[in-house]
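Every heavy atom of this structure was used, including side-chain atoms; hydrogens, water molecules and symmetry mates were not. Here the structure is a predicted model, which means the values were calculated and not measured.
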Amino acid sequence: MSDSDTVKESRRVLCSIRDHLTIAHRNLGAERQSVGLVDVTYHPDNRSPYLNYVSPRRKTAWIPGPQIEAGIDQLRAHGRTPRVYYFEGLYPPIFAKTLRELGLTVESETALMACKLDDENMPERPAMPSEMRVEFPETQEGIALWWYVRNNAFYDVITHGTEPIYIGRDLREVVLGNQVDILLYRYSQPVGVARLTFNKSTAHLSALSLMKEIRTPENIKLMYKIALYRAAEQGASLIFTSGETETDRSLSRQVGFVDSGSIVCYAEAPGNVEPEAEDVHVAEPIFILR
């Protein structure tokens, strides 16, 4: 593949990820309004940073500062912190300079990892250790167990992303085929969970946690392999995720993920705005790259 083809493929992957997250945020109740060359995403009931932001409109290669500022003013009118998200790799470096000139600073950067699922890269069914088994809960009781494991202090979060978890929608999303939850057992004890969300041909590994005492490189890779295989079974041709540490990202590379750019967030300095409140229905994003 030539350098030109590589760049085009990288941009296609980023566009697919962007579209997946856009739909996910809309399904969580966020509204989107076009203001010139930018889109303003706003949630009327939740102040989560991942549901309230300005982003470049699709098929735009360059956005002048005044256009970005108009979107920021619209977001501010909704009582939200001025915040701009964009996918590095889809816009030139000078775009960041424009944001800095508007008084914004880097708030976060989420590294993206992606894996194509096709005939040349089709994951095999992972070999399970004799003491382990995997389940895909499809009942309210099973999903409640998933939440218990996910929120238990004895478990470490491994993957992070930008798709907030909505408490109470789980069973509906599973039935509709928009979500697959994964429960890993060691003997009779649940020791790990993962979540896949789907949009057309893309899958997002949006959560992955393992009990601390079994958090080994091999077990982390096992969870990745289970997620890859299940995503392929569901018909996904692309799966993406991210990791909190370079170690975790390195393990994801070993099972087929590749570095695929990042999502960069610029926001007004914290000292200039009031703290944003949490909402009890839509969880604050727990997948922030730290």
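Panel note: side chain Ser10, backbone Thr6; no donor-acceptor pair is recorded below 3.5 Å. Distance alone, capped at 3.5 Å, is enough to place a donor-acceptor pair between the Asn52 side chain and the Asn46 backbone. The backbone N or O of Gly36 sits less than 3.5 Å from a side-chain atom of Arg57, completing a donor-acceptor pair. Looking only at distances, no side-chain donor or acceptor of Arg195 sits under 3.5 Å from a matching main-chain atom of Trp146. Side chain of His25 to main chain of Tyr50: a donor-acceptor pair is present (N/O by atom type, distance under 3.5 Å, no hydrogens or angles). One N or O on the side chain of Arg80 and one on the backbone of His43 form a donor-acceptor pair closer than 3.5 Å. Judged by distance alone, with hydrogens and angles left aside, the side-chain atoms of Thr202 form no donor-acceptor pair with the main-chain N or O of Lys200 at under 3.5 Å.
Ser209 and Met223 make their closest contact through O-CE, 4.5 Å (heavy atoms, listed as atom of the first residue, atom of the second, distance). The two residues Thr81 and Leu75 make their nearest non-hydrogen contact at O-CD2, 3.3 Å. Gly89 and Arg11 get closest at one heavy-atom pair: O-NH1, 3.3 Å. The two residues Phe198 and Ala236 make their nearest non-hydrogen contact at CE2-CB, 4.3 Å. Residues Ile63 and Pro56 approach most closely at CD1-CB, 3.5 Å, considering heavy atoms. Listed here is the closest heavy atom pair of Ala61 and Pro92: O-CD, 3.7 Å.
Considering CG of Leu145 and CZ of Arg150, their distance stands at 14.0 Å, rounded to 0.5 Å. Between the OG atom of Ser237 and the NZ atom of Lys116 there is a distance of 8.5 Å, given to the nearest 0.5 Å. To the nearest 0.5 Å, the span separating CZ on Arg125 from CZ on Arg230 amounts to 10.0 Å. Going from atom OG1 of Thr241 over to atom CZ of Arg249 covers 11.0 Å, rounded to the nearest 0.5 Å. From Ile214, atom CD1 reaches atom CG of Asn219 across 4.5 Å, with rounding to the nearest 0.5 Å. Annotation: the span from Thr197 atom OG1 to His204 atom NE2 amounts to 6.0 Å, rounded to 0.5 Å.
With 3.5 Å as the limit, one finds a donor-acceptor pair spanning the side chains of Glu88 and Ser262. Side-chain contact of Asp170 with Trp147: a donor-acceptor pair under 3.5 Å is present, judged by distance alone.
In this structure the side chain of Asp19 reaches within 4.5 angstrom of the side chain of Arg58, judged on heavy atoms. With a 4.5 Å cut-off on side-chain heavy atoms, Cys265 and Arg83 count as touching. A heavy-atom distance below 4.5 Å is not found between the side chains of Asp248 and Met113. Side-chain atoms of Met211 and Gln189, non-hydrogen and from C-beta on, do get closer than 4.5 Å to each other. Ser201 is not listed as a side-chain neighbour of Leu238, based on a closest heavy-atom distance of 4.5 Å or more. Residues Leu90 and Arg18 are in side-chain contact: their nearest non-hydrogen atoms beyond the backbone lie under 4.5 Å apart.
Applying the 6.0 Å contact sphere to CD of Gln254 captures more than 12 heavy atoms from other residues, nucleotides or ligands. Environment of NZ in Lys221: crowded, with over 12 heavy atoms of neighbouring residues, nucleotides or ligands closer than 6.0 Å. No more than 12 heavy atoms of other residues, nucleotides or ligands shown are found within 6.0 angstrom of OH on Tyr148.
Residues Phe136 and Leu208 share a hydrophobic cluster, clusters being chains of Ile/Leu/Val/Met/Phe/Trp/Tyr side chains in contact below 4.5 Å. With hydrophobic clusters built from ILVMFWY side chains whose heavy atoms lie under 4.5 angstrom apart, Val180 does not share a cluster with Ile23. Hydrophobic clustering (side-chain heavy atoms under 4.5 Å, transitive across Ile, Leu, Val, Met, Phe, Trp, Tyr) groups Phe87 together with Leu37.
Residue pairs that meet the side-chain hydrogen bond (donor to acceptor under 3.5 Å, both in side chains) test with at least one member in residues 30-42, sequence neighbours left out, are Arg32-Asp39, Arg32-Thr41, Arg32-Tyr53, Gln33-Gln74, Ser34-Asp39.
With salt bridges taken as basic N to acidic carboxylate O contacts below 4.0 Å, one links Glu246 and Arg253.
The ring pair (Phe, Tyr, Trp, His ring centres under 6.0 Å) search around Phe95 returns Tyr86, Tyr91, not counting sequence neighbours.
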